[in-house]
Amino acid sequence: MKLGPRAALAVAVLLLAGCGSAPPPDRLLRLPLSAAAATPSAAPSPAPEPWLLVLPVAVPSYLDTSALLVPDPGAGLAPLPGVRWAEPLRDAVPRLLRHDLAQLRGDAGPWTAPLPPGLTAARLRVELLAFEAEADGAAVRLAARWSLARADGSALQAARAELRVPVAGAGPDALVLAHRQALRQLAERIAMTHAGAAAPGR
């Protein structure tokens, strides 16, 4: 059926109005490289034995989403509307752990495979058990466990940590910063736990 000029104009206006009412695109959030607002702690002396961060760093399956999860009294956790992660947490977590551990351990900071020829390194395996805002939204909770073993397979130590970082402020940016600070504190805990681990033969 052919539309007259006025009818066609009316249809066009309605279509434009429909486009104008569409929700804005989600804002992309990324965990920053720096955790400058984190509580500073004493960095351990660089250890003599290099580390290899074994990939992947395990994260809970419920975090395999682009949504930024927040507490929901009815369902435990729910996506925060209007925002999403720009980088999957399964990629961001090992990237930032490696960055922080390198800062804390200097030249002995963690490599990732493949290692340079002739270099041997202790194997660091990390698993996140929880990484989320608490029920009242006042803090981010991170639970993790890790193990360190020398290149010959002999164990150095296994440990775990439960960390709680207050959310300073309101809105998604404050929540993202608290997530980042929690990762920094995890790196500090790992580095300090194994600060006295000597290289084989020492």
Q: Give the C-alpha distance, both sets of side-chain angles, the deciding distance and a yes or no for side chain to side chain contact (heavy atoms under 4.5 Å, CB included) between Leu29 and Val83.
A: CA-CA 7 Å; Leu29 302 173; Val83 298; 3.7 Å; yes
**Q.** side chain to side chain contact (heavy atoms under 4.5 Å, CB included) assessment of Trp146 paired with Arg189
**A.** CA-CA 11 Å; Trp146 67 91; Arg189 186 72 63 88; 3.7 Å; yes
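Going from atom CG of Leu148 over to atom CD1 of Ile190 covers 9.5 Å, rounded to the nearest 0.5 Å. To the nearest 0.5 Å, the span separating NE2 on His99 from CG on Leu97 amounts to 11.5 Å. Rounding to the nearest 0.5 Å places OG of Ser147 at 7.0 Å from CG of Leu124. Expressed to the nearest 0.5 Å, how far CD of Glu134 lies from CZ of Arg164 amounts to 4.5 Å. A distance of 14.0 Å separates CZ in Arg84 from CG in Leu69, rounded to the nearest 0.5 Å. Note: Leu68 CG to Leu28 CG = 12.0 Å, rounded to the nearest 0.5 Å.
With a 4.5 Å cut-off on side-chain heavy atoms, Leu183 and Leu31 count as touching. Side-chain contact between Thr120 and Leu115 is absent, with no heavy-atom pair separated by less than 4.5 Å.
Of all the heavy atoms in Gln181 and Val165, the pair that sits closest is OE1-CG1, 3.2 Å. The minimum heavy-atom distance between Leu80 and Pro172, with the atom names listed, is CD2-CB, 3.9 Å. When all heavy atoms of Leu77 and Ala133 are compared, the pair lying nearest together is CD2-O, 4.4 Å. Between Pro50 and Leu119, the shortest heavy-atom distance links the atoms CG-CD1, 3.8 Å. Of all the heavy atoms in Asp173 and Arg27, the pair that sits closest is OD1-NH2, 2.7 Å. Of all non-hydrogen atoms in Ala178 and Val167, the two that sit nearest each other are CB-CG2, 3.9 Å.
Under the salt bridge (Lys or Arg N to Asp or Glu O under 4.0 Å) criterion, the residue pairs touching residues 88-104 are Asp64-Arg90, Glu87-Arg95, Asp100-Arg180, Asp100-Arg184, with sequence neighbours excluded. Within the structure, ring-ring contact (aromatic ring centres under 6.0 Å, His included) pairs that include any residue of residues 154-190 comprise Trp85-His179, Phe131-His179 (at least two apart or interchain). Within the structure, every pair that satisfies the salt bridge (Lys or Arg N to Asp or Glu O under 4.0 Å) test and touches residues 115-130, not counting sequence neighbours, is listed here: Glu127-Arg145.
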List, one per line, each side-chain donor-acceptor pair under 3.5 Å for residues 53-62, sequence neighbours excluded.
unit_1, atom_1, unit_2, atom_2, d
Tyr62, OH, Glu132, OE1, 2.2

Atom pairs and distances, donor-acceptor, side-chain atoms in residues 135-143, under 3.5 Å, two or more places apart:
unit_1, atom_1, unit_2, atom_2, d
Asp136, OD1, Ala138, N, 3.0
Arg141, NE, Glu162, OE1, 3.4

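Criterion: ILVMFWY side-chain heavy atoms under 4.5 Å apart, direct or through other members. Under it, Val70 and Val176 are part of a common hydrophobic cluster.
Residues forming a ring pair (Phe, Tyr, Trp, His ring centres under 6.0 Å) with Trp111 (at least two apart in sequence, or on another chain): none.
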